[in-house]
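Each remark here refers to the structure printed beneath this line.
It should be emphasised that the depicted structure is a prediction, and the values quoted were computed from it without experimental measurement.
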Amino acid sequence: MPKKRSGGGLSPMQQAAKFLGVSVLAGAVMAGIALPAAGALGLAAKGSVKSFDEIPANLKSPQLSQRTTILDNQGRQIASVYSRDRTVVDLKDISPYMQKSIVAIEDSRFYQHGAIDLKGVLRAVNKNAQSGGVAQGASTLTQQLVKNYFIEEAGDDPTKVAEATQQTLGRKIRELKYAIQIEEKLGKKKILENYLNITFFGEQAYGVEAAAQRYFSKHAKDLNLQESALLAGIVQSPSRYDPVNDDAEATKRRNIVLQRMAELGDISQKEADQAKEQPLGLHPSRPKNGCITAVRGAGFFCDYVRDIVLNDPGFGATKEARAKLWNQGGLTIRTTLDPQAQDSVQASVKDHVYKSDAVATAATIVEPGTGKILAMGQSRPYGFGKNETQINLSVNSDMGGGAGYQPGSTFKPIVAAAAIEGGKSPTQEYSSPYEMAYPSPVQACDGKVWRNRRINPEKLTNENESEHGPYGMKEATAKSVNTYYVQLIKDIGICPVTEMAKKMGVERADGRKIVQAPSIALGTQEMSPLTMANAYATFASRGTYCTPVAIESITQKVGSRARSLPVPKSICSRAMSQKTADTVSTLLKGVVEDGTGQEAGLGDRPSAGKTGTTDERFAAWFVGYTPNMAGAVWVGDPQHKRKMINITIGGVPHDKVFGGEVPGPIWRDMMNGALEGKPAEDFHLIDIPDEDDHGNGRGKGHGGRNGGKNGDSTGGIGGLIGGLTDGGTTDGGTGDTIGGTVPAPTFSLPGNFIQGQGNGGNGNGGRRG
């Protein structure tokens, strides 16, 4: 009998239409027996001959959709994903009982007839004439295989599935034409193997191997007699004979199969009777599909891998081609994920931030010099329930992430790198007052100039009034002095900074361009943790930037063969000189040794990094590295609504959250675990003389480690106090202005602010730490 994907069997009208097809091909007389309108059917039979001849004899077996297995860099399974749960196996790996069962109940003369069973047609005609209806069909396994080919090609498109299963004479004729071709080409054993691999057994199981795993948690080769009979009986109507939901109906159907096997001599009557007495013996496994099944909290990384396949032109010229590759599956994807690093990230995240907290954290680790993503995790698990999410907080929006988060002072090292690369000495001093307005004008790219457009501009401050210069770069970086970095970007211009950011792969998470305004020095442009971790990896690799990669290799199973697919490779380029990178590493080593990031220190293992906290404490960061790993940790409210003031995170109350006090320890613990057992390499340091203590009582403490009052809030107020103009125009001129006309809704406007350009201007820079 024909296989149905689901449902309770064929209706009388469907049975009549189905039987009509085989009758026509047996001749007009047979068709006349099946239904009374012999004259009309005779014409249909004549007309069908031409249609039959015109069908091209080029049917190809479809690439069966199978599960895709995603592995870590040690070859251990992370997740199993599939459009259809199927694992193709050879006939030798299918129990002989299963082979005999399916033939007995679906096409008992399978080995005696060709593509069409004329004797079966005559038997069906006689049976139907006696019953006064259509009680028996005559489709062979080969015909059913062809039908399943068309269903497989239809995929999940309901219109195409309907076309592939419609009960029409034309479809039946087409099936027979292809069935003859397949019989000549493949032979009986291969046809049986293909049929058992393609047919639907219910409960999301396509093919006998998936069915054996679903119902009995064993391989198809290990199925016993009664188990095989049960699976064979399901095929006719997977929903009606579903043993998980109706064991009584499934048992009746199994026993029919057993009796049929005895009648055919496949087993003895005694064996059949004994098997009928056995319980169903189900040992079902739950269907597992998708990145939600990922182990080690790697669901978001799994999703990231999927998005790479769906978006990278290397996997297909069109979106449709890439989607087809993913849905067909059969892929074994070995990724860059390091299980030790991933476990360490998840453990640290879980220890420091609870999934039920008002804020979340996301963390990523990459390998300097290769771009390999070693770990990716977050406090809110992958899922659909309460305190769960499917948004990957570590990546850009086009790869399943959000709009990003302002990195605050973690952007300052990029400014330092641009300045040093351009010839500035790391001993460069600026007055660095406690309070100042953004300097104006500031040179931007393409001959444009940023100008402060307010008569009485909002003041920028450092964290404490005791923090005032002069400062050199080393101390200003360790203490995260806002006014120093604003004066530095005024000196070198905005363009060198944006160009350095581009060389380091630093881009906005929402895909928009980084706005040219002095406030970028304080981290006003929303970034993702992956972006920041990979940027700092450039410092760790002594100036070489490598694009991030997540896939090491892909093999695709095609039938019994496996082929390798090309995968995206990291592209490495020099972003800065080794000396510049080493100088920045020297500056950032001081941050964890004697600055705002002391709580992130790794003890005896050399490390470097930078804290960041945004204004009103919507986000806090620590980004750092050793010579062999770089990582970023962000903590905040993804919706940008909850300020981290008077808040409890991970069971610990905080009056105010700083980059060094919450993200820092998360970074420390995750890096310690990820690096355990690995060599403690040192940096190539540059001698930067300490600045004289100018008598201002600053000392070397870190009491002011947590940011200026006018740090960044939402990145949405740049044009309120400044804008870009063409060089040579007057203050507030009419040159090109960047951004929108309204500030972000979370920013509170001072009473006399003038609305101007949107995202990226001044007034909302990064805090200290």
Side-chain angles (χ1 to χ4, degrees), residues 70 77-82 85 203-204 284-307 337 342-364 375-406 509-510 526 528-530 614 616-621 632-654 656-657 661-663 665-667 669-670 714 744-746:
I70 300 177
Q77 182 171 312
I78 296 172
S80 177
V81 299
Y82 49 81
D85 184 9
E203 293 286 339
Q204 300 183 26
S285 60
R286 292 181 60 82
K288 293 182 177 180
N289 179 28
C291 291
I292 198 170
T293 67
V295 299
R296 291 191 158 93
F300 300 102
F301 179 79
C302 170
D303 247 3
Y304 184 78
V305 170
R306 177 182 65 88
D307 285 339
L337 194 79
Q342 180 67 19
D343 286 348
S344 185
V345 165
Q346 286 302 116
S348 182
V349 163
K350 186 176 180 181
D351 285 346
H352 291 280
V353 183
Y354 300 157
K355 70 176 185 179
S356 58
D357 284 343
V359 294
T361 186
T364 300
M376 182 182 288
Q378 60 192 54
S379 58
R380 293 181 182 170
Y382 188 100
F384 304 91
K386 184 179 180 181
N387 300 318
E388 296 178 340
T389 183
Q390 287 185 290
I391 298 175
N392 187 343
L393 303 177
S394 288
V395 302
N396 292 349
S397 59
D398 63 346
M399 295 298 287
Y405 326 98
Q406 293 177 325
D510 60 8
E526 290 83 355
S528 69
L530 175 58
T614 63
E616 300 191 68
R617 288 169 172 81
F618 284 108
W621 292 73
V633 175
W634 159 86
V635 177
D637 177 9
Q639 300 299 320
H640 203 79
K641 295 178 180 178
R642 179 64 162 93
K643 300 176 184 179
M644 290 186 289
I645 300 172
N646 297 322
I647 190 172
T648 296
I649 302 175
V652 179
H654 299 272
K656 295 180 180 180
V657 169
E661 293 182 358
V662 179
I666 297 174
W667 186 90
D669 292 350
M670 80 177 191
T714 65
T746 52

Residues in side-chain contact (heavy atoms from CB on, under 4.5 Å) with [X], at least two apart?
X	value
Lys350	none
Gln390	Tyr382, Phe384
Gln346	Gln342

Are any non-hydrogen side-chain atoms of [X] and [Y] less than 4.5 angstrom apart?
X	Y	value
Val305	Asp307	no
Tyr405	His640	no
His654	Ile649	yes
Asp669	His352	yes

Which atoms form the tightest heavy-atom contact between [X] and [Y], and what is the distance?
X	Y	result
Cys302	Ala79	SG-CB, 4.1 Å
Pro665	Ser348	O-OG, 4.3 Å
Pro653	Gly651	CD-O, 3.8 Å

Intermediate values then yes/no, side-chain contact (heavy atoms from CB on, under 4.5 Å), Gln204 and Tyr82: CA-CA 10 Å; Gln204 300 183 26; Tyr82 49 81; 3.8 Å; yes
Of all pairs that satisfy salt bridge (Lys or Arg N to Asp or Glu O under 4.0 Å), the ones with a partner from residues 293-304, not counting sequence neighbours: Arg296-Asp343, Asp303-Arg306
Residue pair Val633, Met670: steps toward the side-chain contact (heavy atoms from CB on, under 4.5 Å) verdict: CA-CA 10 Å; Val633 175; Met670 80 177 191; 3.7 Å; yes
Could you tell me the separation between the [atom1] atom of [X] and the [atom2] atom of [Y], rounded to the nearest 0.5 Å?
X	Y	atom1	atom2	value
Lys656	Met644	NZ	CE	13.0 Å
Ser394	Met376	OG	CE	5.5 Å
Ser80	Ile70	OG	CD1	8.5 Å
Ile666	Trp621	CD1	CH2	12.5 Å

[X] side chain vs [Y] backbone, donor-acceptor pair below 3.5 Å:
X	Y	result
Arg617	Val657	yes
Asn396	Asp398	no
Trp667	Val662	no
Ser397	Ala509	yes
Thr364	Pro529	no
Asn392	Gly401	no

Set of residues satisfying side-chain hydrogen bond (donor to acceptor under 3.5 Å, both in side chains) with respect to Thr293, sequence neighbours excluded: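 Thr293: no side-chain hydrogen bond (donor to acceptor under 3.5 Å, both in side chains) contacts found.
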Pair up each side-chain donor or acceptor in residues 356-363 with any protein partner under 3.5 Å, not counting sequence neighbours, and list the distances.
from   : atom 1 : to     : atom 2 : distance (Å)
Asp357 : OD2    : Tyr354 : N      : 2.8
Asp357 : OD2    : Gly650 : N      : 2.7
Thr361 : OG1    : Trp634 : O      : 2.7

side-chain contact (heavy atoms from CB on, under 4.5 Å) assessment of Thr389 paired with Gln378: CA-CA 10 Å; Thr389 183; Gln378 60 192 54; 3.4 Å; yes
